Amino acid sequence: PAKTALETPKQPKNGTRDLSKEDWQNVLDAIKSDHNTLYGIARMASASFENQTITLAFGFPFHQKRLNDTKNKQLLLDIIFEITGVNANLECIVSKPTKAKVSTPKPEISVDEPDDIQAISNIFGAAEVLE
């Protein structure tokens, strides 16, 4: 006769608790070694926490889309559960990055840059564009 096994859901290690920045850093450390691409995307997010919900704010829709991919999102939720014992909710949003005010000398010659070049400069840093 076939035996039927009852699967019991995993219980949180520490009961129900709120997540913190320390938890997020531990999750990032855990994915860094085995999931380098996912780590590269997740580390670019600004994480905020409310109860068992982690909200990841990205500067670019591409990063949000990659983390909202079903496979990547489930992998991240599984790692969060392994590290914290909490069945977390994950929300990924796009938000405009805030520009820090830094006093830098303005160049004497002003050149209008296309939005694409400005976006690339924001990601990789300033560089000279050769035509």
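What you are looking at is a predicted structure, and each value in this text was computed from that prediction instead of being measured. In what follows, every heavy atom counts, from backbone to side chain, and hydrogens, waters and symmetry copies are set aside.
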Do [X] and [Y] have side-chain heavy atoms sitting under 4.5 Å apart?
X     : Y     : result
Ile93 : Leu56 : no
Ile54 : Asn89 : no
Phe60 : Val94 : no
Leu90 : Lys73 : yes
Glu50 : Thr55 : no
Phe58 : Cys92 : yes

How many angstroms lie between atom [atom1] of [X] and atom [atom2] of [Y], to the nearest 0.5 angstrom?
X     : Y     : atom1 : atom2 : answer
Ile80 : Leu19 : CD1   : CG    : 7.0 Å
Met44 : Gln64 : CE    : CD    : 14.0 Å
Gln74 : Leu77 : CD    : CG    : 5.5 Å

Between Gln52 and Ala88 (side chain of the first, backbone of the second, donor and acceptor by atom type, cut-off under 3.5 Å), is there such a pair?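 Pair absent, no side-chain N/O of Gln52 close to backbone of Ala88.
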Would you say Val86 ends up clustered with Leu75 if hydrophobic residues are merged whenever their side chains have heavy atoms under 4.5 Å apart, either directly or through other cluster members?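 Yes.
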Does Ile83 share a hydrophobic cluster with Tyr39, counting links as ILVMFWY side-chain heavy atoms below 4.5 Å and allowing steps through other members?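 Both belong to a single hydrophobic cluster.
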Using atom types as modelled, flag every donor-acceptor pair under 3.5 Å from a side chain in residues 25-38 to any protein atom, sequence neighbours excluded.
| residue | atom | partner | partner atom | Å |
| --- | --- | --- | --- | --- |
| Gln25 | NE2 | Asp29 | OD1 | 3.1 |
| Asn26 | ND2 | Glu22 | O | 3.3 |

